[in-house]
Amino acid sequence: MKRASLDRILVIALFSVCLVWLILPLALAVMWSMVDPDYVWSYPDLFPKVLSFKRWGLLWETTTLKQSMANSYLLAISAAFTTLLLSLPTSYALGRMHFRGKAVVQTLILLPMVIPGFVTAIFFSSLLFSLGIYSKFLGILIGHSVLLLPYALRILSVSFAQVRQDLIDAARDMGASRFTVFRVVFFPAIKPGILASLIIVFIYSIEEFALSFIIGSPEFTTVPTILYSYLGYQFIRPNAAVVSLILVVPNIFLMLVLERVLKVANPATIVGKG
Amino acid sequence: MKEKSDPWLVALLLLPGCGLIVLLVGAVVVMAVVQSVGYFNFAGESGFTLSHWKDQMSSHRLWRSFGYSLKIATLSSVLSVLAAYPLALWFRKPFKGSAFISSLLKAPLLVHGLVAAFLYVNFISFNGFLNQLLMFIGLIHDPIRMQNDERGIGVIILQLWKQMPFALLLLTGAVQAIGDDILLAAQDLGAPAFARFRKVIAPLTLKSLQAALVIIFIGAAGDYSFQVIAGPVNVNSITQYMYIIQNESGGWNQAAVVAIMLMAFSLVGSLALAAIAQAVVKRGQA
């Protein structure tokens, strides 16, 4: 059999697997989110009798979803900008300076990624408790801002490293001040990196579960913690479907924007998304 | 990249990024260590004691959790890599439809873990689509209970769903980086496909293979949400056990012991897996 024919057969076979593995579960989630509350979807109906957006409206009006979304998005915006401000000086040092122990620093910044999330969450909450910090929002914001620093540092240090030295030298030779050099040489070059860093920290902050759950529960809810409440002890399937889509769809859209910003085939190659 | 660096300036610039990370992660680890030996006892008297360690070391439930998490983490990382390798080799050379199918396979990377758990549970639950379909086509008469299976197969399927794309991402990059000349040379020397894999591809992609194994193992060893939603109810993962004793029994100090053991387990387990992978590849090369 020719290679092209074999490839075609394998593509069809793999697409069939993906259909059951990925597309069907997602389609079921969409259908469950649109099951009309007045018409139960159960055996022998393979598909719902009536589809509507009533469940979305009900959830919006009668649960803490509105507040959870406000909490999540406010946290994510705050964490994205805090992380950006914290990461700029260190990224500059990592991207443009030679110093002893650079490799050690590059390894140390990965620490939050190797400590299990629940260990960090439980003992960070213990630390906040010992320090007398009782604000749930502030506690989670500190946690998100520091724990998501590795992503911002990784993106921005690459951006700083890519700024052309001849442009910096030319600007300096023409008498530009430090601020002007930053404005006309550095800023245009690192702008995509800044945007990418804001987007990736925003997405990770929205998705972060362990810290938000341990520090925030039960009073301070975010989108993942409210989703967990529908999946845990009481499995409320239509509600879980609605919240799942609220969590997934905007983030997929943002990842596509990120992909364009980074101009790479898959943003996961840079940010290790997953 | 070409600036002379004043050590004080470098230190000052590193403080807000690296300094804060080391401070926070260091504080978390120190907090866990000191709580494990009796300090910061929020529910009683604080002071040095090894009783929490003694209690946990003799806990049957803890060792059961370790055995279970070891099984889940090892199987998840090994199966993810085994599933990803042939796909990565297949995608080495682009062909019609390869970009589409590769994107589809990597799509779970963009799906939140809790959403993945929901999709799975929704599919296989007692009143889920799979049971309805099986009954509809007459294969079964009554729904089968597949959720929270005793062996943790559901958790492994979820880990595979979420982590295989990550292994695929790492391995595809590594496999594509191997030059055609090397593989053609091996082919010209008469090496069959499996020998080319053993002697050329596996050694050249070892670093990515180890990275995938380590990252997936650490993630699976510290899993909480997949276990709580889809895992067995008669055994806990280590993280779940740690959370239960901290949250339900207020045992911060006991939880600290489990946390330290979990960190050590993640580190030792992932490094051991990486070492085994290296040994296997070297043996295959010989």
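Proteins come first, then strands; the chains are lettered A, B, ... in the order of their sequence lines, and each starts at number 1.
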Checking heavy atoms, do the side chain of [X], its backbone, both or neither come under 4.5 Å from chain B?
{"X": "A/P89", "value": "both"}
{"X": "A/L153", "value": "side chain"}
{"X": "A/L85", "value": "neither"}
{"X": "A/N251", "value": "neither"}
{"X": "A/L227", "value": "side chain"}
{"X": "A/A210", "value": "neither"}
{"X": "A/L108", "value": "both"}
{"X": "A/S87", "value": "neither"}
{"X": "A/L88", "value": "neither"}

Closest approach of A/I109 and A/P150, non-hydrogen atoms and distance?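 For A/I109 versus A/P150, the nearest heavy atoms are O-CG, 3.0 Å.
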
Among [options], residue most engaged with chain A (heavy-atom pairs, under 4.5 Å):
{"options": "B/L104, B/I218, B/L23", "value": "B/L104"}
{"options": "B/V22, B/V28, B/I21, B/L119", "value": "B/I21"}
{"options": "B/T239, B/N122, B/I229, B/V10", "value": "B/N122"}
{"options": "B/W161, B/F100, B/F95", "value": "B/W161"}
{"options": "B/A256, B/A107, B/A27, B/P7", "value": "B/A256"}

Just wondering, do [Y] and [X] contact through their side chains at under 4.5 Å, heavy atoms?
{"X": "B/Q246", "Y": "B/V258", "result": "no"}
{"X": "B/N253", "Y": "B/F40", "result": "no"}
{"X": "A/H144", "Y": "A/E208", "result": "yes"}
{"X": "A/L231", "Y": "B/V121", "result": "no"}

At a 4.5 Å cut-off on heavy atoms, which part of [X] comes close to chain A: side chain, backbone, both, or neither?
{"X": "B/S103", "value": "neither"}
{"X": "B/V29", "value": "side chain"}
{"X": "B/A116", "value": "neither"}
{"X": "B/L14", "value": "both"}

Top residue by heavy-atom pair count (under 4.5 Å) with chain B, among [options]?
{"options": "A/A121, A/S91, A/P224", "result": "A/P224"}
{"options": "A/I23, A/I252, A/L247", "result": "A/L247"}
{"options": "A/I122, A/L245, A/T120", "result": "A/I122"}

Polar side chain donor-acceptor pair, A/R237 to B/S125, under 3.5 angstrom: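 Per modelled atom types, A/R237 and B/S125 side chains form a pair under 3.5 Å.
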
What's the verdict on side chain to side chain donor-acceptor pair (under 3.5 Å) for A/Q165 and A/R96, showing C-alpha distance, side-chain angles and the deciding distance? CA-CA 10 Å; A/Q165 188 62 39; A/R96 299 213 63 83; 2.7 Å; yes

Is the number of heavy atoms from other residues, nucleotides or ligands within 6.0 Å of CZ (B/F136) greater than 12?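 Count not over threshold, so no.
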
With side chain to side chain contact (heavy atoms under 4.5 Å, CB included) as the criterion, how do A/F213 and B/Y224 come out once you've worked through the C-alpha distance, each side chain's angles and the decisive distance to 0.1 Å? CA-CA 12 Å; A/F213 176 62; B/Y224 174 81; 4.0 Å; yes

Anything under 30° is parallel, anything over 60° is perpendicular, the rest tilted; go ahead and classify A/F47 against B/F129.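 Rings of A/F47 and B/F129: tilted, as their planes differ by 30° to 60°.
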
